[in-house]
Amino acid sequence: MLNLLKNDKMFEIKRKDGLARLGEFTTPHGTVETPAIMPVINPNRELVPVKKLEKEFGTQVLITNSYILYKDQELKDKSLDRGIHDLLGFQGSIMTDSGTFQAHVYGDIDVEAEEILEFQRNIGSDVITILDEFTEPDDSRETAEEKVQKTIERAEHALRSKEDQISLTALPIQGSIYLDLRKRCGKSMGEIKGDLYPIGGVVPLMEDYRFHELAEVIIASKKGLGPRGPVHLFGAGHPMLYSLAVLLGCDLFDSSSYAKYAKRGDMMYPEGTKNIEDIDHLGCECPVCSSYDAEEIRESYKKNDIELLAEHNLWTCFREMNKIKQSIKEGSLWEMVERRVRSHPKLLETLKVLNQEYRFLERFEPRSRRRASLYTGQESIYRPTFKRIKRWILNDYIPPKKGPTVYFEPDQSKKPYSRFFREEIDMIEDYDANLLVSTQIGPVPFEMDEIYPIAQSVFPSHPANIFSLRHYKRKKKIDELIRWEGKSTLDILSKSKGPNFDEMKIKATADYQFGEGAGSALTDGTLKYVKNNKGRIKNVKLDQNHILSVRHYDGFFTLKKTGAEILLNHFSPPDLRIEVTEESAEFNRDGKSVFSKFVTHMSSDLRHGDEAIVVTENDELVATARVLLIKDEVKVFDRGLAAGVRVGFNLNENTST
Ligand code: GUN
Ligand code: ZN
C-alpha cells in the first residue's frame with residue numbers, strides 16, 4: 001500500500017497565489033499541509049520536546065540529521081534497531097538530511113554517498129536526502145559545475161531502484177550563484193523525478209544578508225524545475241524570509257535557527273531579531289510571552305535554560321507561516337511580502353529582483369483576483385498585476401478614434417470613474433475623441449476603468465505614478481491632449497460616427513482579456529446590451545446571439561457559445577485553447593471538468609482563472625472553461641484538474657443550432 005501511495009498523489013496543490021501554493025505532501029507517515037516548517041531535531045539535545053511540537057505546535061513533519069545518528073555508535077544502533085520514528089517518539093512524517101551541511105562546515109565527512117542513503121532507508125525515514133555537494137557562493141564556476149554534475153549523478157543513482165523503495169527521495173538543487181547552473185540542476189532533478197526538491201547551498205547567502213542573490217537563486221532553480229514540488233529551502237530559519245520564499249514557490253522550511261538563536265539569547269520576531277538582554281517589553285502574544293515577562297525569560301536564560309526562548313522562536317516561525325497561508329487563501333501574499341521585506345533594506349532589494357523577473361513571475365499571476373489590490377509603497381508598482389496592465393496600455397492598446405485625446409481628472413475615491421461621468425461620456429460619445437482618465441496607476445483609457453485592477457485597487461490619495469501622462473502621450477504618439485474642462489471642451493472637437501463608449505469598452509476589454517483583435521471580431525455586427533439598474537453591461541448580443549456576459553466582480557467576460565466560435569475563428573491554435581483527447585471531450589461536452597492528463601495542447605498565454613475554449617485535436621468546439629492549471633503545470637501534473645468547464649456543447653446541439 002505504501003508503494004502505491006508513493007507513485008500517486010504525493011504532492012497535491014489546493015490553492016495558488018502567484019507561485020505560492022497551499023498543498024498537501026503525503027509521505028508514508030501521513031500528510032503534511034504546505035507551506036510548512038520542519039523543526040530540526042538534534043538527536044543529542046532535544047530542546048523543545050517532540051510531544052510538545054506535535055500537540056501544541058501542530059507539527060506534522062520533523063527533520064533530523066542522519067549523519068549525526070550515523071556517527072554516534074549508540075544512536076546508530078538504536079535508530080537501526082528501533083527505527084527513527086520510535087527513536088524520536090514521533091509518528092508523523094520525518095525527513096532526514098545526509099551530512100552535506102557537515103561537509104560544508106567541517107570541510108569533509110567520512111561516509112560514502114551510498115552508505116548514508118542506505119542508512120536513511122534502513123532507519124525508516126520518510127524522506128531521505130542524497131549526499132549532495134554543497135556549492136559555496138565563492139566557488140569558481142568550474143568547481144560549482146563539477147559539484148552540480150556529481151550531485152546529479154548521485155541523484156540518478158539514488159533513484160535507479162526507486163520502484164521497490166518506501167522512502168521518498170529529496171534531490172537538492174545546487175549551483176552556487178551561477179543562475180544557469182541552478183536552472184540546469186533544477187531541470188535535471190525534475191527529470192530524474194525526486195519526491196521533494198530542496199534548494200541547497202544558500203545558508204551562506206542568508207548569513208551574509210545577500211537576499212537579492214538568494215531570490216535570484218530561488219527563481220533560477222524554479223525556472224529549471226518547473227512547478228513540481230514540494231520545494232524546500234534548506235536552512236531558511238528566519239521567519240523574516242518566509243513570505244518572500246513562499247511567494248517564489250518554496251513549500252518547506254527547516255528550522256534549526258529557533259534553537260541556534262535561543263542559545264545566544266536571541267528572540268526572533270517576524271521583522272527581525274532582538275537579544276533578551278535588551279528587551280523590556282516582549283511585544284509578542286505567543287504562549288510563552290503570555291505566561292512570562294521579559295525579566296523571567298532573561299533569568300531562565302541566565303540559568304542556562306533556553307527552552308522558553310526556543311519555544312518563543314518556534315512560535316514566531318509557526319505563527320508567521322499561518323499568516324502566509326491565510327494570505328495565499330486571500331490572494332494577498334504580494335502585499336504581505338511587500339510589507340515584510342521592509343524589515344531590512346537588504347530584503348527590500350529583493351523587490352528589484354522580482355521586477356526584473358517580471359516575465360517569469362507574470363506567467364503565474366492571474367489576470368484578475370477576487371480581492372482588491374492594496375498599494376503598500378512605491379515598490380507596489382513592480383507587482384505583476386499593475387505592471388501587466390501598464391504594459392498593455394502603453395504597448396498594445398490602440399486608441400479607437402483618430403481625433404484628439406480628452407483626459408478627465410476624477411475624484412479618486414469615486415470608482416469606477418465612468419459611473420460618475422455618465423453624462424459627460426454620453427455627450428462626448430458622438431465626437432471624434434479618445435477618452436483617458438487619470439487614475440492613481442496612471443492615465444487609463446476611460447473604457448477600461450471597470451476592469452481589474454483599475455477599479456479593484458486601493459491607493460493613497462497621492463498618485464502612485466506607475467506611469468505618467470507625458471509617458472502615455474509619447475508612447476502613443478498623441479499630438480493633442482486636451483483636459484476636460486466641461487461642456488466647452490466639446491467646441492474644440494469635431495463630430496464623428498466612431499464606436500460609442502459601450503462598444504469601445506467591449507473592444508478594449510476583449511483585446512486585453514483574449515488578445516489583440518478579439519474586440520473587433522466580437523463587435524463585427526449589430527450590438528445590443530442587457531444592462532443592470534446601475535447602467536452596467538451584463539450581457540452582450542451580436543446579431544441577436546448572446547456572445548458575452550460580464551463578470552460582475554472584475555469586469556471581464558465569460559464566453560457564450562457564439563462568442564467562443566467567433567474567437568475560435570479569429571485566433572488560430574493554440575491561442576485561447578485547451579486541446580483535449582476525444583475521450584475527454586465526450587465528458588467535457590457534458591459539463592465535466594478537464595483533467596490534466598487528457599490535455600494534449602494548451603496556449604501558453606492562458607493564466608489561472610482565464611476564460612478558455614476547450615477543443616478537440618481537430619479544433620472542434622467542446623466547451624468553455626475556466627483555467628485552473630497553466631501550460632507549465634499541465635506538463636508536469638498528471639493528476640488534478642486543468643480547467644473547470646463552464647458550459648459544454650453537445651455535438652447534436654451543435655449541428656441543430
Ligand atoms: N543544509 C543546509 N544546506 C544544505 C545543503 O545545501 N544540502 C543539504 N543536504 N543540507 C543542507
Ligand atoms: Zn513570544
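Counting convention: from 1, in listed order, for ligands and their atoms alike.
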Ligand 1 contact on [X] by region, counting heavy-atom pairs under 4.0 Å:
X: Asp254; result: neither
X: Ser98; result: side chain
X: His104; result: neither

Return the residue, atom name and 0.1 Å-rounded distance of the protein heavy atom closest to [atom].
atom: atom 7 (N) of ligand 1; result: Asp132 OD2, 2.8 Å
atom: atom 8 (C) of ligand 1; result: Phe234 CE1, 3.3 Å
atom: atom 3 (N) of ligand 1; result: Phe134 CE1, 3.5 Å
atom: atom 6 (O) of ligand 1; result: Gly201 N, 2.7 Å
atom: atom 2 (C) of ligand 1; result: Phe101 CD1, 3.2 Å

May I ask you to decide whether [X] forms a salt bridge with [Y], counting only side-chain N to carboxylate O separations under 4.0 Å?
X: Glu216; Y: Lys352; value: no
X: Asp180; Y: Arg141; value: yes
X: Lys14; Y: Glu12; value: yes
X: Glu338; Y: Arg383; value: yes
X: Asp266; Y: Lys274; value: no
X: Arg154; Y: Asp132; value: no
X: Asp86; Y: Lys78; value: no

Against heavy atoms of Gly200, which atoms of ligand 1 measure under 4.0 Å?
5 (C), 6 (O)

Taking all atoms of both residues into account, what is the closest heavy-atom pair of Ser332 and Glu330, and its distance?
OG-OE1, 3.0 Å

What are the protein N, O or S atoms, given as residue plus atom name, that sit under 2.8 Å from the Zn ion (ligand 2)?
Cys284 SG, Cys286 SG, Cys289 SG, His312 ND1

Which of the listed options, Thr151, Asp97, Thr96, holds the heavy atom that is closest to atom 10 (N) of ligand 1?
Asp97

Could you tell me how the ring of His85 sits relative to the ring of His29: parallel (under 30°), tilted (30 to 60°) or perpendicular (over 60°)?
parallel

Do the numbers put Lys346 on top of the ring of Tyr209, so that NZ or CZ is under 6.0 Å from the six-membered ring centre and no more than 45° off the axis?
no

Filter on ring-ring contact (aromatic ring centres under 6.0 Å, His included), then keep only pairs touching residues 272-292, sequence neighbours left out; what's left?
none

